[in-house]
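Notes follow once the structure below has been shown.
All values reported here derive from a predicted model rather than from experimental measurement.
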Amino acid sequence: MLKRLSISNYALIDQLEIDFERGLTIITGETGAGKSIILGALSLILGERAESSSIRDKERKTVVEATFDIEDYTLEFFFRDNDLDYYDGELIVRREINPNGRSRAFVNDGVVGLATLKELMTRLVDIHSQHSNMLLARPSFQLSILDNIAGHDEELSEYHDLFNEYKATERQLHELRDNYDRNRSEEDYVRFQLNQLQETNLKPAEDEELEQQQRRLANATTLKEDLWKVISTLNSEDNSLIDQLQDVCNTLADAEENLDEVAGMSERVSNALIDLKDIAQSVGAIEESLNSDPAALQQVEERLNTIYSLERKHNVKTVNELLKLQEVYEHRLAAIDCNEERIAKIQELLESQRAAASQLAQVISDNRKAAAGKFVASVLPLAQNLGMKNLQFNIDFKPVELNANGCDSMEFLFAFNKNQALMPVKDTASGGEISRLMLCIKSVIARSMDLPTIIFDEVDTGVSGEIAHKIGDMMGEIAHKIQVIAITHLPQVAAHGDSHLRVFKTDTATQTLTSVQRLNDEDHVIEIARMLSGSELNQAAIDNARALINSNRN
């Protein structure tokens, strides 16, 4: 339940703290006093959008904080799943709005996103206003009512998992079939291209090796002449470079005996001679291997032309890219060959998943239909007690294709007058009738939902007299099970309150502020007397108020 609400720097509120109690809390006040402002601040705690225009002092941030007693509610799993600190018995939720309009939300001092905050608060508070009455015409809201009454959360969760798996397999099957059809239509083309590549018998980096061979063969004569010139210079029979360096080495060796400055130079020249002799020998071997071979050159060029032709055809630049393309064609043909078997297996899995989902969907449908009968039987006497004595109510079920909600659609059908055909609520009910109908529905839901707090925001607008008294009775009955907070203008409703808060405005020299006063028993009587009598408060109104309160308490 909501224990405390603290609001600072929000609209007409500078600083305000409100303590709430169990049972039925009544909130009254003149129009414009600030009741909606308090509710707006609370909506921030529920995860609604923050508006910078609501900041009272633009130099300070707005802070709204609510404390909840959650000792009797199983929420540990939510905190665990969302990595939040769990304090046994108490929950503190805070919302801060900075002057720049940015806001942050905190749960037990841990920062949370608005989606997480909203999910948590739907388990703690339900605000019902006149605007909420429009929900009654929505199929999704009607379905959620029956699911709440049926109490089959585990079945719904299991069904959603099964249905999501089924849809994922269905998408996989569609993709496989599309690929299969596409590959089948291109099979002849792919097979022809693959055969051509395979018959060419390409080798990795073959083009680079062939290009090198081509350059060698095409320039064999010139290369042979150049290499012979190198050999002749290094190691000819007449005064070669090696012979000259040998003389230099010998001369330096003789000089080293008498001249320390040239020590080691002969060894360095000797080492150079070793390298030069090795080079001369290697160049000689290469020169001998070089021969002009027109036939070999022609063979290499023909092979290169075949490769270049394939590269142009497939818009690639290297043999390695052609080999990768060959792998792609091989995989596509392999996919064609094995996809029929794979599609058959996926189809079998899909049918199995659909059967499991359909079976559970039927269980959920049966639960909903059973809940529908109980729900209709619960709503009708409540509605009739609120002046809708001719109300007829039925829930129409129709089978539909398996979807995220199950295997059937449903619609609430009403008739408010005798001999009137049952129709959707939007086509048959007045605003006042919808308001009273929603109050009855909320009353039934409150009996089945494990929800700590429900807030009624002027849902009794447009009624009076005996109906107003019965609305108060209904709110009082709900408050026996959960905490109820009701904003009302009706004294018949207010008289049912276990506690009473009066919202009022005060003016200072520079500002208007909204405040809240907790009324004691005598103030409670006086406030209801004012609501009964209007502007003039007299003893008759006070006596009438006291009698009204005592009657409700009895």
Could you tell me whether a side-chain N or O of [X] sits under 3.5 Å from a main-chain N or O of [Y], the two making a donor and an acceptor?
X      : Y      : result
Thr514 : Ala33  : yes
Ser43  : Gly40  : yes
Asn98  : Gly101 : no
Asn417 : Gln420 : no
Asp69  : Glu71  : yes
Asn390 : Lys418 : no
Ser551 : Leu548 : no
Asn108 : Tyr86  : no

Side chains of [X] and [Y]: do they bring a donor and an acceptor to under 3.5 Å?
X      : Y      : result
Thr28  : His500 : yes
Arg56  : Asn9   : no
Lys470 : Asn385 : yes
Gln347 : Arg342 : no

Quick check on [X]: does its [atom1] atom have over 12 non-hydrogen neighbours (other residues, nucleotides or ligands) under 6.0 Å away?
X      : atom1 : result
Arg94  : CZ    : yes
Lys374 : NZ    : no
Asp507 : CG    : yes
Gln511 : CD    : yes
Lys3   : NZ    : yes
Glu154 : CD    : no
Arg102 : CZ    : no
Glu30  : CD    : no

Mind checking whether [X] and [Y] have side chains closer than 4.5 Å, heavy atoms only?
X      : Y      : value
Ile467 : Arg436 : yes
Ile7   : Tyr10  : yes
Leu513 : Leu12  : no
Phe504 : Arg502 : yes
Glu155 : Leu360 : yes
Asn544 : Ile528 : no
Arg368 : Phe397 : yes
Ile526 : Leu537 : yes

Output yes when [X] and [Y] qualify as a salt bridge under the 4.0 Å nitrogen-oxygen rule, no when they do not.
X      : Y      : value
Arg530 : Glu527 : yes
Arg80  : Glu76  : no
Glu522 : Arg546 : yes
Arg518 : Asp19  : no
Arg354 : Glu401 : yes
Asp457 : Lys35  : no
Asp366 : Lys369 : no
Glu175 : Arg177 : no

Query raised in the report: Which residue, Phe393, Phe416, Phe414, forms the side chain to side chain contact (heavy atoms under 4.5 Å, CB included) with Met388?
Result: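 Between Met388 and the candidates, side chain to side chain contact (heavy atoms under 4.5 Å, CB included) is satisfied uniquely by Phe416.
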Within this structure, what is the [atom1]-[atom2] distance for the pair [X] and [Y], rounded to the nearest 0.5 Å?
X      : Y      : atom1 : atom2 : answer
His160 : Asn405 : NE2   : CG    : 6.0 Å
Glu65  : Leu44  : CD    : CG    : 13.5 Å
Glu341 : Ile346 : CD    : CD1   : 11.0 Å
Leu42  : Ile37  : CG    : CD1   : 14.0 Å
Ile487 : Phe456 : CD1   : CZ    : 12.0 Å
Gln142 : Asp396 : CD    : CG    : 10.5 Å

Ignoring hydrogens, what is the shortest heavy-atom contact between Gly47 and Lys118? Give both atom names and the distance.
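Nearest heavy atoms, Gly47 then Lys118: O-CE, 2.9 Å.
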- Validation row, ring centre Phe412 to ring centre Phe375 under 6.0 Å: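 Yes, the ring centres sit under 6.0 Å apart.
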